Amino acid sequence: MTSVGDGAPPDQHPPAPGRVRVTAPRAGSRAASVRSAAPQSDGGPTSDIAGVYVRSLIRSQLRLGIVFALGFVVATALFVLAVALVPELDTTFVLGVPLSWLLLGAGVYPLAITVGGLYMRAASRNEARYRALAEDE
């Protein structure tokens, strides 16, 4: 810092440091291998069974997501097909709008909410089972 009486103009600042590039260690480097073998937060060493439990949880959540996504697509397709196969819905009007349009525009939302709620319940159940297994370890 410069003082008022040392002759340097008060608006000059020291030069800013150069940019520093920060990268993650390579997978085979010593730092990466030391970090992966570090103890967990509870003080115990990492175990192979914990890794198996985590991979099992990830696989079960992925399988659950795929099943519910496919179920939603099939249910939506069946809903659209049912609306298309009932021609009376096009001749019935509600507030000047064909009933088939209302069903297609607003009828899918309860289906999506139901599928989402069921998925959340099943995913929570999977996670609760994982926590029970992890605590027993």
Side-chain angles (χ1 to χ4, degrees):
M1 208 71 194
T2 60
S3 66
V4 176
D6 66 0
D11 59 342
Q12 285 187 352
H13 300 287
R19 291 188 177 186
V20 177
R21 185 176 186 174
V22 179
T23 60
R26 290 187 208 110
S29 72
R30 176 166 165 72
S33 63
V34 169
R35 186 177 301 125
S36 65
Q40 290 180 348
S41 61
D42 63 350
T46 60
S47 65
D48 291 335
I49 194 70
V52 170
Y53 288 158
V54 170
R55 286 190 299 274
S56 174
L57 174 66
I58 291 171
R59 276 194 312 269
S60 67
Q61 296 290 58
L62 176 64
R63 186 172 41 249
L64 187 67
I66 289 171
V67 166
F68 272 89
L70 288 175
F72 177 72
V73 168
V74 168
T76 303
L78 289 175
F79 183 73
V80 170
L81 186 64
V83 169
L85 292 177
V86 181
E88 293 83 23
L89 295 176
D90 289 331
T91 59
T92 305
F93 289 87
V94 176
L95 299 173
V97 180
L99 184 59
S100 61
W101 286 22
L102 288 175
L103 288 175
L104 290 174
V108 178
Y109 292 107
L111 174 66
I113 291 169
T114 302
V115 169
L118 291 173
Y119 171 78
M120 288 300 296
R121 192 171 84 185
S124 296
R125 192 176 327 126
N126 277 350
E127 290 174 4
R129 287 178 186 159
Y130 165 74
R131 279 192 300 274
L133 285 173
E135 288 172 359
D136 289 345
E137 185 183 312

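A quick note: this is a predicted structure, and the numbers were derived from the prediction, not measured. One is the number of the first residue; the rest follow in order along the sequence.
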Restricting to non-hydrogen atoms, name the atom on [X] and the atom on [Y] that form the minimum distance, rounded to 0.1 Å.
X	Y	answer
Asn126	Gln61	ND2-OE1, 3.1 Å
Ala123	Leu64	N-CD2, 3.5 Å
Tyr130	Val54	OH-CG2, 3.3 Å
Pro110	Ala106	CD-O, 3.2 Å

(request) Please examine the side chains of Trp101 and Leu89, heavy atoms only from C-beta on, and report whether any two atoms are closer than 4.5 Å. (result)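 Not touching, per the 4.5 Å side-chain cut-off.
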(message) Within the 4.5 Å heavy-atom criterion, are Phe72 and Thr76 side-chain neighbours or not?
(response)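 In contact.
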(message) Please check: side-chain N/O of Ser124 versus main-chain N/O of Met120, any donor-acceptor pairing under 3.5 Å?
(response)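 At least one qualifying donor-acceptor pair exists.
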Co-membership, hydrophobic cluster, residues [X] and [Y], 4.5 Å side-chain:
X	Y	answer
Leu85	Leu102	no
Leu104	Leu111	yes
Ile58	Tyr119	no
Phe79	Leu118	yes
Leu78	Leu103	no

(request) Nearest 0.5 Å please: distance from the CZ atom of Arg129 over to the OG atom of Ser56. (result)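 Nearest 0.5 Å value for the CZ-OG distance: 10.5 Å.
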(message) As an exercise, state the distance from CG of Asp90 to CD of Glu88, rounded to the nearest 0.5 Å.
(response)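 One gets 9.0 Å once the value is rounded to the nearest 0.5 Å.
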